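Given the structure is predicted, the values throughout are model-derived calculations rather than measurements.
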Amino acid sequence: MPLPDVVALALRRHLRDYDTWGEDELLFSNATGTGLLYPYYWYGRIWRPALAAAGIEYFKPHSLRHFYAASLLSQGVAISEVSAWLGHMSVSFTERYYSDLMPDAPDRARLAIDGALGPNRQEAAAIGRPELLRAASV
């Protein structure tokens with residue numbers, strides 16, 4: 001999956017401030033830097049305090065995955081790419097969960113073809129098809 005600049009910057013800061021841990025050069029360890037970051041430790045010592053600091057009562061860590069997918073799809077990233085990056089077995093699986101996030105897909109498809117072939121404004125006006133004029137101006 002592509003590494004966004006904002007995430008790369010956060011990782012660079014983390015490496016600058018904390019370096020890596022152990023022979024496997026892990027990115028995260030426990031607070032003392034002497035052991036692995038186990039789920040129970042992460043959830044109790046990192047996740048819940050972060051939620052409290054943000055004023056959020058409840059939010060599943062798995063919701064970050066949904067946020068990622070929803071953000072990509074709402075910006076027009078192809079569902080086949082999102083599906084692959086999420087590790088889904090098929091695009092139809094991804095569509096089942098996220099198709100409601102793409103209500104403007106027909107508009108994007110129409111605009112893509114209009115952009116490629118473009119209705120001629122004068123021709124649209126001449127044949128009295130105002131919807132073609134609207135589509136051409138979007």
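- When all heavy atoms of S80 and V91 are compared, the pair lying nearest together is CA-CG2, 3.8 Å.
- Hydrophobic clustering, with ILVMFWY side chains joined whenever heavy atoms are under 4.5 angstrom apart, keeps V77 apart from V6.
- The ring pair (Phe, Tyr, Trp, His ring centres under 6.0 Å) search around Y18 returns H14, not counting sequence neighbours.
- S90 approaches S83 most closely through the heavy-atom pair O-OG, 3.2 Å.
- Put simply, V7 and F28 are part of the same group of oily side chains (I, L, V, M, F, W, Y) that touch within less than 4.5 Å, one to the next.
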Would you be so kind as to tabulate the donor-acceptor pairs closer than 3.5 Å made by side chains of residues 51-72, with sequence neighbours excluded?
from, atom 1, to, atom 2, distance (Å)
S63, OG, K60, O, 3.3
R65, NH1, L86, O, 3.4
R65, NH2, L86, O, 2.5
R65, NH2, H88, NE2, 3.4
H66, ND1, Y98, OH, 2.5
S71, OG, F67, O, 2.8

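- The shortest side-chain heavy-atom distance between L37 and L26 does not fall under the 4.5 Å cut-off.
- Under the side chain to side chain contact (heavy atoms under 4.5 Å, CB included) criterion, S74 pairs with no residue at all, not counting sequence neighbours.
- Residues W85 and L11 do not share a hydrophobic cluster, clusters being chains of Ile/Leu/Val/Met/Phe/Trp/Tyr side chains in contact below 4.5 Å.
- Sorted pairs that involve residues 3-13 and meet side chain to side chain donor-acceptor pair (under 3.5 Å), not counting sequence neighbours, are lacking altogether.
- For residues 36-55, there are no side chain to side chain donor-acceptor pair (under 3.5 Å) pairs, not counting sequence neighbours.
- Not a single side chain to side chain contact (heavy atoms under 4.5 Å, CB included) links A84 to another residue, sequence neighbours left out.
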